[in-house]
Amino acid sequence: MYTYEATKRDIVEAIRRAAGADADLVLSVPPSGVVADLALPCFPLASRLHKSPHEVASSLAGAVHIGPRVDSVRADGGYLNFTLARAPFASSVMSDLAQWKDRYGSHDVGAGRAVVIDYSSPNIAKPMSVGHLRSTIIGAALHRLYASLGYTPVGINHIADWGTQFGKLLYAFTAWVDRQAYAEAPLRELLRLYVKFDQEAQRDPTLDERGREWSLKLERGDPQARALWQEFVRLSMSEFTKTYDLLDVRFEHVLGESFYADKVDAVINEAIRRGVAVEDQGALIVRLDDVGLSTPLILRRSDGATLYHTRDLAAAIYRLKTWNPAQLIYVVGADQRLHFRQLFATLRKLGYDGVFVHVDFGLITLPEGRMSTRKGRVVFLEDVLEEAMLRARRLVDEKNPELSADERADVARIIGIGAVKYVDLSQNRVKNIVFDWDRMLSLEGDSAPYLQYTYVRARSILRKSGDAVPEGVFDPRAAASAPEWGLITLLARFPEIVLEAAQTYHPHLVATFLLSLAQAFHGFYHEVPVLQAEDAPLRQSRLQLVGGVATVMRGGLDLLGIRVPERM
RNA sequence: GCGCCCGUAGCUUAAUGGACAAAGCGCUGGGCUUCGAACCCAGUGAGUGGGGGUUCGACUCCCUCCGGGCGCGCCA
């Protein structure tokens with residue numbers, strides 16, 4: 001057990017014994033103005049004991065038997081404030097770090113169980129837009145977070161490669177393709193065709209009929225339709241792969257909707273057999289009024305075709321049966337809330353039990369409104385990433401011209417991509433984001449480069465000291481000053497931040513924490529000499545602190561999928 | 001019309017129902033002959049969209065109004 005967790009557990013135990021009651025004893029971190037390290041608000045306890053909060057706090061202050069890591073207990077109004085014993089606490093934290101090294105902050109609560117995480121899921125035959133960024137980045141971060149909790153994450157890219165829009169595209173392709181443009185930039189040409197179809201269909205409604213015919217051909221395995229569709233998939237995936245490589249995002253499985261095309265019949269039959277699905281106006285639907293959803297889930301259209309709901313249901317059942325996961329997680333935009341409520345409710349009606357989670361997030365919109373590929377109002381992800389690396393490169397060239405061109409390119413990539421990811425991961429998911437180049441590509445202040453710079457500075461000190469973090473007893477004098485003690489308590493808190501971020505599906509908690517750590521480290525850096533410390537033991541212990549910051553910063557950023565350079 | 005989400009300094013965002021709401025950007029002033037100035041320090045600036053309520057305590061929970069977004073059976 002990590003030091004911080006053990007310390008809090010001991011304190012809560014001591015209070016419980018002294019109070020002889022256990023209302024909700026939740027320790028909190030006191031605000032900056034209060035000189036204490038942990039606090040217990042005594043209000044709930046007071047109402048249970050029918051005394052005033054101050055009375056409770058005062059009597060507890062005298063009665064609590066404090067353990068070795070606590071130095072003193074004091075009543076402050078209705079709060080019971082604890083001051084930690086710096087020497088033993090600090091040396092215990094530093095020994096955690098020395099013991100766990102790069103794994104510091106990880107847990108084993110997952111016990112090897114699978115967690116299926118569905119993220120990214122772009123559309124075949126369309127270039128990825130910035131709209132795909134959030135799912136991809138948040139999903140990849142959750143993947144890493146759950147891995148660090150000891151789960152076996154199963155990342156799935158649920159490619160949208162099936163459905164009626166492919167009928168339209170197939171018709172458009174056979175009618176209007178510009179071969180040369182297709183050879184040069186296949187996805188942009190396919191997008192043009194898709195848009196053209198939509199425009200033409202408004203003038204000529206018979207085109208929709210053509211689209212349906214091609215859609216049917218595809219479903220029935222018509223060789224021409226099938227071959228073209230496969231080509232679209234292949235070309236799209238090769239573009240996507242480049243983007244994923246750039247983003248350093250991986251999946252255990254890439255399984256498009258088409259993978260479930262031959263699995264929907266069994267699901268439909270099961271739903272009918274269990275009386276969950278009923279015929280209505282020619283369609284097959286699942287009524288969900290009894291769980292508060294007035295809109296039913298449609299499993300089969302009146303013309304016999306299935307929908308993405310059906311394939312999603314088949315996919316969910318496939319995942320449950322294949323991996324028996326502790327959780328089924330979907331990282332998909334908030335506009336699909338209803339869809340997932342319907343999906344989860346239907347799963348339960350079919351007798352499937354489990355933890356089903358829709359990790360939703362707000363939309364990315366443009367200043368002029370919602371993005372629309374059809375209207376050509378869209379920002380492509382590729383362009384954003386290129387621009388990010390370009391801006392980072394200019395900055396690296398300016399700040400560090402002495403680095404080799406190769407290293408500058410490498411650093412620019414780490415910083416540029418990191419900056420884009422950080423924007424998404426540093427704020428709560430639920431809010432909509434209005435796309436703004438300067439904001440998306442910010443390289444200063446509360447940004448990835450600021451955190452990366454923290455690591456670079458720490459590493460720079462360590463390199464000058466001979467690289468390896470020295471071992472040995474932690475000198476209590478290195479926990480004496482405010483900047484030093486601040487760093488120690490932050491380092492101590494990292495493991496519980498990781499746990500909470502994963503369990504609440506909120507990667508931004510890690511980002512917020514790392515920002516505090518970075519600010520604390522830069523303050524420490526300016527105030528406390530490390531290499532020039534007065535004597536060897538002090539220097540060695542401060543080097544351990546610097547090493548701890550480097551480890552946690554790199555590890556924390558790694559959980560967010562953000563890499564660190566050694567120099568920048 | 002019904003349902004869900006969002007509204008915090010000029011801007012972008014933080015804040016397990018708990019102590020005087022915290023950062024970044026911006027603006028003003030200061031700091032490189034000590035470990036990297038992509039940095040640091042100080043100042044400036046909101047009482048959390050409005051109004052009720054619950055609570056010892058509300059940015060956080062409930063109601064209502066306003067503003068914005070999303071969704072609402074045969075698209076994905």
Side-chain angles (χ1 to χ4, degrees), chain A residues 26-34 39 41-44 46-47 52-53 76-79 81 121 123 160 162-165 257 280-287 292-303 305-309 311-312 333-339 341-342 360 362-363 365 369-370 392 395-396 398-400 415 423 426-428 430-434 436 438-439 442-447 449-450 452-454 456-465 500 504 508-509 511-512 515-516 518-519 521-523 525-533 542-543 546 567-568:
Chain A
V26 183
L27 294 173
S28 59
V29 179
S32 53
V34 176
C42 296
F43 308 96
S47 69
S52 80
D76 270 327
Y79 294 87
N81 286 329
S121 308
N123 305 308
W162 206 247
T164 49
Q165 79 274 24
E257 286 188 52
D280 187 79
Q281 297 167 36
L284 188 70
I285 68 169
V286 178
R287 288 196 206 282
L293 297 172
S294 54
T295 316
L297 181 97
I298 299 185
L299 284 179
R300 198 173 59 208
R301 296 197 315 219
S302 44
D303 67 359
T306 59
L307 294 99
Y308 86 111
H309 296 94
R311 293 185 286 278
D312 252 14
D335 51 343
Q336 300 211 33
R337 263 204 167 97
L338 177 60
H339 167 64
R341 290 186 64 192
Q342 292 176 320
D360 61 350
L363 263 50
T365 61
R370 199 173 175 173
L395 204 56
V396 177
E398 174 198 320
K399 304 252 184 195
N400 253 328
I415 289 174
V423 170
S426 61
Q427 65 174 307
N428 203 328
V430 299
K431 300 190 181 195
N432 292 345
I433 295 181
V434 176
D436 176 89
D438 290 333
R439 187 182 160 214
S442 163
L443 300 173
E444 55 179 14
D446 179 7
S447 69
Y450 179 75
Q452 289 162 327
Y453 185 57
T454 307
V456 165
R457 269 185 151 180
R459 285 289 306 145
S460 179
I461 292 177
L462 293 170
R463 266 197 308 275
K464 289 202 162 84
S465 77
E500 196 189 346
T504 61
H508 83 280
L509 296 177
T512 304
L515 180 66
S516 307
Q519 288 167 333
F521 181 74
H522 287 301
Y525 185 94
H526 281 274
E527 280 187 56
V528 182
V530 177
L531 296 174
Q532 309 296 327
R542 285 183 181 155
L543 280 169
V546 173
R567 274 179 283 268
M568 61 192 276

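Both backbone and side-chain heavy atoms feed into the values below; hydrogens, waters and symmetry mates do not. Throughout, a chain's letter reflects where its sequence line sits, starting with A, and its residues are numbered from 1.
If you check B:rC4 for Watson-Crick or wobble pairing at under 3.5 angstrom, you find it paired to B:rG69. B:rA15 makes up no base pair with any nucleotide shown, lacking Watson-Crick or G-U wobble contacts both under 3.5 Å. Look at B:rA42: its Watson-Crick or wobble partner, with both distances under 3.5 angstrom, is B:rU28. The pairing partner recorded for B:rU55 is none, the criterion being a Watson-Crick or G-U wobble arrangement whose two distances lie under 3.5 angstrom. The nucleotide B:rA37 finds no pairing partner, because no Watson-Crick or G-U wobble arrangement with both distances shorter than 3.5 Å includes it.
Counting only heavy atoms from C-beta outward, the side chains of A:Asp280 and A:Arg287 approach each other to under 4.5 Å. Taking 4.5 Å as the limit, every side-chain heavy atom of A:Gln336 sits out of range of all side-chain heavy atoms of A:Asp312.
Residues satisfying the side-chain contact (heavy atoms from CB on, under 4.5 Å) criterion with A:Ser302, sequence neighbours excluded, are absent altogether. Residues meeting the side-chain contact (heavy atoms from CB on, under 4.5 Å) test with A:Gln165, sequence neighbours left out: A:Tyr194. Residues that satisfy the side-chain contact (heavy atoms from CB on, under 4.5 Å) test with A:Arg457, not counting sequence neighbours, are A:Tyr453, A:Phe521, A:His522, A:Tyr525, A:His526.
Among the heavy atoms of the strands lying under 4.0 Å from A:Gly163 are primed sugar atoms or P, OP1, OP2 only; no base atom is included. At the heavy-atom level, A:Asn81 lies under 4.0 Å from base atoms of the strands shown. A:Ala283 comes within 4.0 angstrom of a base, heavy atoms only. At the heavy-atom level, A:Pro53 lies nowhere under 4.0 Å from the strands shown. Across all strands, A:Tyr450 comes closer than 4.0 Å only to sugar-phosphate atoms, never to a base (heavy-atom distances). Counting any heavy atom pair closer than 4.0 Å across all strands shown, A:Arg287 reaches no nucleic acid atom. No engagement by A:Ala46 is indicated, since no non-hydrogen atom pair under 4.0 Å with the nucleic acid exists. Within the 4.0 angstrom heavy-atom criterion, base atoms lie near A:Leu395. Base engagement by A:Ile415 is indicated by at least one non-hydrogen atom pair under 4.0 Å involving a base atom. Note on A:Ile285: a base of the nucleic acid sits closer than 4.0 angstrom, heavy atoms only. At the heavy-atom level, A:Thr365 lies nowhere under 4.0 Å from the strands shown.
Classified by its glycosidic torsion, B:rG50 falls in the anti category, the angle being over 90° from 0.
Going from atom CG of A:Leu338 over to atom C1' of B:rC75 covers 14 Å, rounded to whole Å. The NE2 atom of A:His522 sits 16 Å away from the P atom of B:rA23 (whole-angstrom rounding). Here B:rC40 presents its P atom at 7 Å from CD of A:Gln519, a figure rounded to the nearest Å. With rounding to whole Å, A:Glu444 atom CD is found 14 Å from B:rA23 atom C1'. Protein atom CG of A:Leu297 is 13 Å distant from nucleotide atom P of B:rC75, rounded to whole Å. Between the C1' atom of B:rG57 and the CZ atom of A:Phe43 lies a distance of 7 Å, rounded to the nearest Å. When the C1' atom of B:rC40 is taken as reference, atom CZ of A:Phe521 falls 13 Å away, rounded to whole Å. Rounded to whole angstrom, the span from the OH atom of A:Tyr308 across to the P atom of B:rC75 amounts to 11 Å.
Using C1' as the reference atom, B:rA58 and B:rA19 are 14 Å apart when rounded to the nearest Å. On the C1' atoms, B:rC6 is 14 Å away from B:rU48, given to the nearest whole Å. Comparing the same atom, P, in B:rC61 and in B:rC39 gives a spacing of 35 Å after rounding to whole Å. The same atom, C1', is picked in B:rG7 and in B:rU44; the two are 25 Å apart, to the nearest Å. Taking atom P on both nucleotides, B:rG43 is separated from B:rC5 by 40 Å, rounded to a whole Å. B:rG68 and B:rA76: their C1' atoms are spaced 25 Å apart (whole Å). Distance check on atom P: B:rU8 versus B:rA14 gives 10 Å, rounded to whole Å. Rounded to the nearest Å, the gap between the C1' atom of B:rG26 and that of B:rC11 is 8 Å.
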Item to complete: Determine, for nucleotides 31-37 of chain B in 5'-to-3' order, which nucleotides have protein heavy atoms under 4.0 Å from the base (write B), from only the sugar-phosphate (write S), or from neither (write -).
Response: B---BBS
Worksheet item: Could you run down nucleotides 4-14 of chain B 5' to 3' and tag each one B, S or - for protein heavy-atom contact under 4.0 Å?
Response: SSSS----SSS
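Across A:Ala334 and A:Asp360, no two heavy atoms sit closer than the pair CA-CB, 3.8 Å. Contact record, A:Pro53 with A:Cys42: O-CB, 3.9 Å, taken as the closest heavy-atom pair. When all heavy atoms are compared, the tightest approach of A:Arg311 to A:Gly163 is NH2-CA, 4.0 Å. Shown here for A:Ser442 and A:Ser447, the closest heavy-atom pair between the two residues is O-CB, 3.7 Å. A:Thr295 and A:Gln342 make their closest contact through O-NE2, 3.0 Å (heavy atoms, listed as atom of the first residue, atom of the second, distance). Minimum interatomic distance between A:Ile415 and A:Ala392 (heavy atoms only, all atoms of both residues): CG2-CB, 4.1 Å.
At least one donor-acceptor pair closer than 3.5 Å links the side chain of A:Arg542 to the backbone N or O of A:Pro529.
Among the nucleotides B:rA19, B:rC72, B:rA76, the one closest to the side chain of A:Ala39 is B:rA19. Closest contact between the side chain of A:Arg311 and the listed nucleotides B:rC72, B:rA76, B:rA19 involves B:rA76.
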Fill in: side-chain contact (heavy atoms from CB on, under 4.5 Å) evaluation trace for A:Val286 with A:His309
CA-CA 11 Å; A:Val286 178; A:His309 296 94; over 6 Å; no
Worksheet item: Between A:Glu444 and A:Leu395, does a side-chain contact (heavy atoms from CB on, under 4.5 Å) hold up when you go through it step by step?
Response: CA-CA 11 Å; A:Glu444 55 179 14; A:Leu395 204 56; over 6 Å; no
For nucleotides 46-49 of chain B, give me every protein contact, N/O to N/O, under 3.5 Å, one pair per line with atom names.
none

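Of the two residues near RNA chain B, A:Leu27 and A:Gln281, the one whose nearest nucleotide lies more 5' is A:Leu27. Residues A:Leu363 and A:Ser302 both approach RNA chain B. Their nearest nucleotides, taken by heavy-atom distance, put A:Leu363 toward the 5′ side.
Within a 6.0 Å sphere centred on CZ of A:Arg341, heavy atoms belonging to other residues, nucleotides or ligands number 12 at most.
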